[in-house]
Novice: 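Let me give you the structure first, and then I'll get to my questions.
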There are 2 protein chains.
Amino acid sequence: MKKIDILKKLRSSSLRPTKQRVEIAKFLFEREKTFHFTVESLNKLLIKKSTSKIALATIYNTVHAFKAAGHLNEVEVRGNKTYFDTNVSNHHHFYDSETSELIDIDANDVVIQKIPKAPNGKKIKNVEVFINLKN
Amino acid sequence: MKKIDILKKLRSSSLRPTKQRVEIAKFLFEREKTFHFTVESLNKLLIKKSTSKIALATIYNTVHAFKAAGHLNEVEVRGNKTYFDTNVSNHHHFYDSETSELIDIDANDVVIQKIPKAPNGKKIKNVEVFINLKN
DNA sequence: TTTTCACTTTAGAATAATTATAAACTAAAA
DNA sequence: TTTTAGTTTATAATTATTCTAAAGTGAAAA
Ligand SMILES: [Mn+2]
Ligand SMILES: [Mn+2]
Ligand SMILES: [Zn+2]
Ligand SMILES: [Zn+2]
């Protein structure tokens, strides 16, 4: 992913490309593989990576703007912290509760044969499959 | 479910059958259908139902003991509050984000045809399917 | 260029859910 | 009865998150 794409992500999230936001965006989106994180873990990684530290509030604000723009997804994980996912396509997850680690599963690698009808007046928005792991 | 079963649930959770605990246990387990709740919602319902109010800490402690004993399950729901489920069998959920309501799906009503292998050294503990609803 | 002005960053305060604490209470056992 | 282990409760502490308000930034108007 090129710098121009980072700027696109920021613009499409109604965010001016400030130093802090570009740093966050590059950290999140300039990578080959999907990245799952909490605000806390992201903050720690940004502190290690970069010289200047970014205020927590800025990280929260930026992550939420990316989420609102559809550049990040929120994933439900047991526990109190909110997890985010740079993979915004329809997909599923392994969850390793030992390490609190999420691993992507391609949507095509799960085939559901039978599913109940949505209740009265409701429609199905999407189906999420979680595969919990043990050792 | 009879009183004797309530006492069994308490005993098997290493809980003495105090007035408060029996009241919580009866409220949770003496019902036909599955009950999904947060500690906050349970507290409100108990206040309405009963004359004496039970301290929040007691509700937290009791619910956690039931969970540890396997009489309650924790369900992952978007948001900050923890959801519990009186249905501890293997099953799935519809989730209506409009109303924050969970609806049980019997395990037999979902058939998965294809699933990826667990990663290196790990095994599959269980598979949870969430069907998100819209109007 | 200087000024303006909308947008940003940030430290710290506020909030909300949960957990810990410690004193008063209860009930089973001795 | 007395003892003892366990329990309830109000309140404090903790943790994740959101809010606030003051100081900073930079593009564009004057
Ligand atoms: Mn969660
Ligand atoms: Mn949750
Ligand atoms: Zn993912
Ligand atoms: Zn359920």
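All values below come from the heavy atoms of this structure, side chains included, with hydrogens, waters and symmetry mates left out. Quick note on labels: first sequence line is chain A, next is B, and so on, each numbered from 1. No experiment lies behind these values; they were computed from the predicted model shown.
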Novice: Does B:Val77 reach the side chain of B:Thr38, with side-chain heavy atoms less than 4.5 Å apart?
Specialist: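 Result no, sub-4.5 Å side-chain heavy-atom pair not found.
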Novice: May I ask you to evaluate whether A:Tyr60 reaches the phosphate of D:dT18, defined as a side-chain N or O under 4.0 Å from OP1 or OP2?
Specialist: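 No, A:Tyr60 has no side-chain N/O under 4.0 Å of OP1/OP2 on D:dT18.
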Novice: Whole-Å distance between D:dT7 C1' and B:Lys19 NZ?
Specialist: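 To the nearest whole Å, that distance equals 12 Å.
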Novice: Expressed as a whole number of angstroms, how long is the span from A:Lys81:NZ to D:dT18:C1'?
Specialist: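 Atom NZ in A:Lys81 sits about 17 Å away from atom C1' in D:dT18.
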Novice: Can you tell which of C:dT8, D:dT8, D:dT18 lies closest to the side chain of A:His64?
Specialist: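 Nearest to the side chain of A:His64 among the choices is D:dT18.
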Novice: Side chains of residues 114-123 of chain A: which donor-acceptor pairs under 3.5 Å do they make with residues two or more places apart or in other chains?
Specialist:
| residue | atom | partner | partner atom | Å |
| --- | --- | --- | --- | --- |
| A:Lys114 | NZ | B:Asn108 | O | 3.3 |
| A:Lys122 | NZ | B:Asp96 | OD2 | 2.7 |
| A:Lys122 | NZ | B:Asn135 | OD1 | 2.6 |

Novice: How about B:Phe35 and B:Leu45: do any of their side-chain heavy atoms sit closer than 4.5 Å?
Specialist: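 Counting from C-beta outward, B:Phe35 and B:Leu45 do come under 4.5 Å.
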Novice: Whole angstrom is fine here: how far is it from CD in B:Glu74 over to P in C:dA17?
Specialist: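 Result: 15 Å.
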Novice: Just the rounded figure in Å: distance from P of C:dT26 to CG of B:Leu15.
Specialist: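 Nearest whole value for this atom pair: 18 Å.
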Novice: May I ask you to evaluate whether A:Thr18 reaches the phosphate of D:dT25, defined as a side-chain N or O under 4.0 Å from OP1 or OP2?
Specialist: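 No.
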Novice: Could you give me the CA-CA distance, side-chain angles and deciding distance for B:Ile112 and B:Val129, then say whether side chain to side chain contact (heavy atoms under 4.5 Å, CB included) is met?
Specialist: CA-CA 10 Å; B:Ile112 298 173; B:Val129 175; 4.0 Å; yes
Novice: Restricting both atoms to N or O, compile the protein contacts to nucleotides 1-6 of chain D shorter than 3.5 Å, with distance only.
Specialist:
| residue | atom | partner | partner atom | Å |
| --- | --- | --- | --- | --- |
| D:dG6 | O4' | B:Arg16 | NH2 | 3.3 |

Novice: Are there any protein N/O atoms within less than 3.5 Å of an N/O atom in nucleotides 10-13 of chain C, and if so, which ones and at what distance?
Specialist:
| residue | atom | partner | partner atom | Å |
| --- | --- | --- | --- | --- |
| C:dT10 | OP1 | A:Gln20 | NE2 | 3.3 |
| C:dT10 | OP2 | A:Ala55 | N | 3.0 |
| C:dT10 | OP2 | A:Thr58 | OG1 | 3.2 |
| C:dA11 | OP1 | A:Lys53 | NZ | 3.4 |
| C:dA11 | OP2 | A:Lys53 | NZ | 3.4 |

Novice: Indicate the atoms forming the closest heavy-atom contact of B:Val127 with B:His92, along with that distance.
Specialist: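 Shortest heavy-atom separation between B:Val127 and B:His92 comes out as O-CE1, 3.3 Å.
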Novice: Check the distance between D:dT8's C1' and B:Ile24's CD1 and give it to me in whole angstrom.
Specialist: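 From B:Ile24 CD1 to D:dT8 C1': 11 Å.
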Novice: What integer distance in Å separates B:Arg78:CZ from D:dA16:P?
Specialist: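 Taking CZ of B:Arg78 and P of D:dA16, I get 20 Å after rounding.
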Novice: Using side-chain contact (heavy atoms from CB on, under 4.5 Å) as the criterion, list what pairs up with A:Asn61, not counting sequence neighbours.
Specialist: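 A:Asn61 satisfies side-chain contact (heavy atoms from CB on, under 4.5 Å) with no residue once adjacent residues are dropped.
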Novice: Are A:Asp104 and A:His93 side-chain neighbours, meaning at least one heavy-atom pair lies under 4.5 Å?
Specialist: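 Yes, at least one pair of side-chain atoms sits under 4.5 Å.
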Novice: Among all residues two or more places apart in sequence or in another chain, which pass the side-chain contact (heavy atoms from CB on, under 4.5 Å) test with A:Glu128?
Specialist: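 So A:Glu128 forms a side-chain contact (heavy atoms from CB on, under 4.5 Å) with A:Asn126, A:Phe130, B:Arg78, B:Phe130, B:Asn132.
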Novice: Mind jotting down which residue pairs meet the ring pair (Phe, Tyr, Trp, His ring centres under 6.0 Å) criterion with at least one end in residues 39-76 of chain B? Sequence neighbours excluded, please.
Specialist: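 Qualifying pairs: B:Phe29-B:Phe66.
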Novice: Between C:dA16 atom P and B:Lys44 atom NZ, what is the distance in whole Å?
Specialist: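 Checked: the NZ to P distance equals 12 Å.
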Novice: Atom CG of A:Asn43 and atom P of D:dT17: how far apart are they, to the nearest Å?
Specialist: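 Roughly 12 Å, once rounded to whole Å.
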